[in-house]
Amino acid sequence: MKTPTLPPSSHTPQKYTGPSAAEVLAQRKQFLNPGIFLYYKEPIMFVEGKMQYIWDDQGRRYLDGLGGIVTISVGHGHPHVVAAANKQNETLQHSTTIYLHPNVGAFAEKLASKMPGDLKVCYFVNSGSEANDLALLMARLYTNNYDLIALRNAYHGGNASGMGMTAHSTWKYNVPHSFGVHHAIAPYPYRGPYGYDDADAGRKYADDVKNLIEYATPGKVAGFIAESIQGVGGFVEFPQGYLKHTYEHVRAAGGICIADEVQTGFGRTGTHFWGFETQGVIPDIVTMAKGIGNGCPLAAVVTTPKIAASMLGKVHFNTFGGNPVVSAIGKAVLEVIEQEKLQENSLKQGNRIKAGLEKLKAKYSIIGDVRGKGLLLGIEMVKDRTTKEPARAECAAVLEHAREMGLLIGKGGLWGQTIRFAPPMCITDADAEFIVDVFDAAFAKI
Ligand SMILES: Cc1ncc(COP(=O)(O)O)c(C=O)c1O
């Protein structure tokens with residue numbers, strides 16, 4: 001087996017002279033939210049990043065295979081993005097939406113140019129949870145209906161409405177939430193009732209949405225929300241036809257369709273700019289965050305002029321909605337994706353890595369499923385391929401081994417049994433080779 005070697009980087013990080021990781025950890029324990037969790041037995045502290053690489057306080061370099069949880073889209077400290085942010089920071093950091101500023105309009109126009117159909121009106125917010133909360137409000141106002149269909153195994157945010165739409169017990173506090181939200185069966189071919197071998201699985205899973213509308217709602221719904229590939233749920237790809245059939249059922253019940261593109265947008269799936277396009281549908285509302293800002297707090301809701309008009313009954317305000325600095329960053333990110341053909345690179349490198357992972361699946365029986373598109377790849381681990389018992393501890397061990405070899409990866413799925421891989425979209429051929437070698441060596445140790 002090849003010893004994985006991290007490809008060289010021309011970047012020299014600054015020498016880190018700040019507080020030690022132990023001091024930062026103690027500070028965090030004393031002064032920060034005790035609910036936040038850390039990866040790895042020995043937590044890592046990162047102090048610098050350049051493109052696909054990130055350095056810890058000791059000067060050790062890693063390939064960032066999770067991209068700050070699917071957030072670093074074009075690369076850490078990308079020079080075009082940094083220049084746009086710096087230029088705007090020097091002139092005006094904030095003004096708010098009650099005044100005009102050229103950046104927000106220019107960004108909105110650029111973002112709208114990336115959207116299909118009539119999806120042309122942008123609302124800017126600060127996080128994915130906020131974007132989904134706003135989308136839910138719009139769906140209810142526009143349709144005058146209340147009920148919403150979401151999916152099991154979904155993650156849509158940590159605020160009250162996001163928690164309601166989410167369907168993983170892990171993320172749901174024991175408080176009243178989810179009013180009017182009903183969760184349909186996850187279209188999860190590896191674990192669900194209709195598998196990869198069922199050519200009609202998309203339609204069959206969609207029938208559950210119809211069934212839920214008929215049994216659990218007044219027969220009318222405000223809408224349906226789904227991630228185009230479930231992210232936190234372990235990069236679950238829906239069978240073809242699922243969204244098409246589901247959208248038909250939802251629209252027949254008076255509802256509108258919301259695509260949560262927080263993880264799947266901005267070219268990451270490789271074949272398409274938006275995840276929903278891989279299913280041949282056009283939603284009525286699209287929510288986005290994470291990759292839109294390459295690490296800065298920026299999120300958006302994009303909808304049609306008709307739906308946007310339903311918000312006119314009241315004043316709607318968001319202090320930072322389209323702040324000049326984040327707008328400059330958002331526009332710069334879109335420019336980089338185009339100029340550097342990062343969607344094309346996601347497809348090329350994603351296909352290459354996926355082919356390598358398929359070979360590893362044939363070699364290691366602990367790999368139950370390899371799935372995903374472009375640079376959004378999941379490896380579901382099972383103790384036994386027949387029972388599909390989740391290999392939770394083994395998945396955590398793969399993360400540790402990969403880290404030792406210089407590769408950061410994530411995990412997801414209800415039981416933490418699925419490796420999640422979503423690096424910045426600028427990775428190279430040499431990186432792709434390194435990544436497959438690391439997975440091979442890490443699985444060999446299990
Ligand atoms: C698909 C999806 N939607 C929404 C959210 C919530 O985004 P945020 O953490 O920015 O509120 C997340 C976060 O992981 C997500 O993965």
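Source: prediction; values computed, not measured. Both counts, for ligands and for their atoms, begin at 1 and track the order of listing. Hydrogens, waters and symmetry mates play no part in the numbers below; they use all other heavy atoms, side chains included.
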Subject >> Qualifying residues under ring pair (Phe, Tyr, Trp, His ring centres under 6.0 Å), relative to Tyr146, sequence neighbours excluded >> reply: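 Residues passing ring pair (Phe, Tyr, Trp, His ring centres under 6.0 Å) with Tyr146: none at all.
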**OP:** Around atom 16 (O) of ligand 1, find the nearest protein heavy atom and jot down its residue, atom name and distance.
**Re:**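 Here the closest protein heavy atom is Gln263 NE2, 2.7 Å.
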Original post:
Looking only at protein heavy atoms, which one is nearest to atom 5 (C) of ligand 1, and how far off is it?
Top reply: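 Ranked first by proximity to atom 5 (C) of ligand 1 is Tyr155 CE2, 3.9 Å.
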Original post:
Sequence neighbours excluded, which residues qualify as side chain to side chain donor-acceptor pair (under 3.5 Å) partners of Ser127?
Top reply: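 Testing Ser127 for side chain to side chain donor-acceptor pair (under 3.5 Å), a comparison that skips the adjacent residues, returns none.
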Original post:
Any N or O on Glu227 sitting closer than 3.5 Å to an N or O of ligand 1?
Top reply: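 By distance alone, the answer is no.
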Original post:
Got an N/O contact under 3.5 Å between Asp260 and ligand 1?
Top reply: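 Right, the criterion is met.
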**OP:** Report the relative orientation of the aromatic rings in His78 and His80; use parallel for angles under 30°, tilted for 30 to 60°, perpendicular for over 60°.
**Re:**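 Perpendicular: the ring planes of His78 and His80 meet at over 60°.
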Original post:
Does Lys290 have a non-hydrogen atom less than 4.0 Å from ligand 1?
Top reply: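 It does, in that a heavy atom of Lys290 comes within the 4.0 Å cut-off of ligand 1.
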Just which atoms of ligand 1 are under 4.0 Å from any heavy atom in [X]?
X: Ser127; result: 10 (O), 11 (O)
X: Gly128; result: 6 (C), 7 (O), 8 (P), 10 (O), 11 (O)
X: Gly157; result: 6 (C)
X: Asn132; result: 3 (N), 4 (C)
X: His156; result: 3 (N), 4 (C)
X: Ser129; result: 6 (C), 7 (O), 8 (P), 11 (O)

Original post:
Can any side-chain N or O of Asn103 pair as donor or acceptor with the backbone N or O of Val325 at less than 3.5 Å?
Top reply: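 Between the backbone of Val325 and the side chain of Asn103 there is no qualifying donor-acceptor contact (under 3.5 Å).
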Original post:
Can you tell me if Arg371 uses its side chain to pair, donor with acceptor, with the backbone of Glu380 under 3.5 Å?
Top reply: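 Answer holds: no.
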Original post:
Among His272, Glu261, Glu277, which residue meets the side-chain hydrogen bond (donor to acceptor under 3.5 Å, both in side chains) test with Ser228?
Top reply: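 For Ser228, the side-chain hydrogen bond (donor to acceptor under 3.5 Å, both in side chains) check succeeds only for Glu261.
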**OP:** Identify whether the distance between the nearest side-chain nitrogen and carboxylate oxygen of Lys114 and Glu338 falls below 4.0 Å.
**Re:**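 The answer is yes: the pair qualifies as a salt bridge.
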Original post:
Just by distance, with hydrogens left out, do Tyr205 and Asp198 show a side-chain donor and acceptor under 3.5 Å apart?
Top reply: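 Their side chains do not contain a donor-acceptor pair, so the 3.5 Å distance test is not met.
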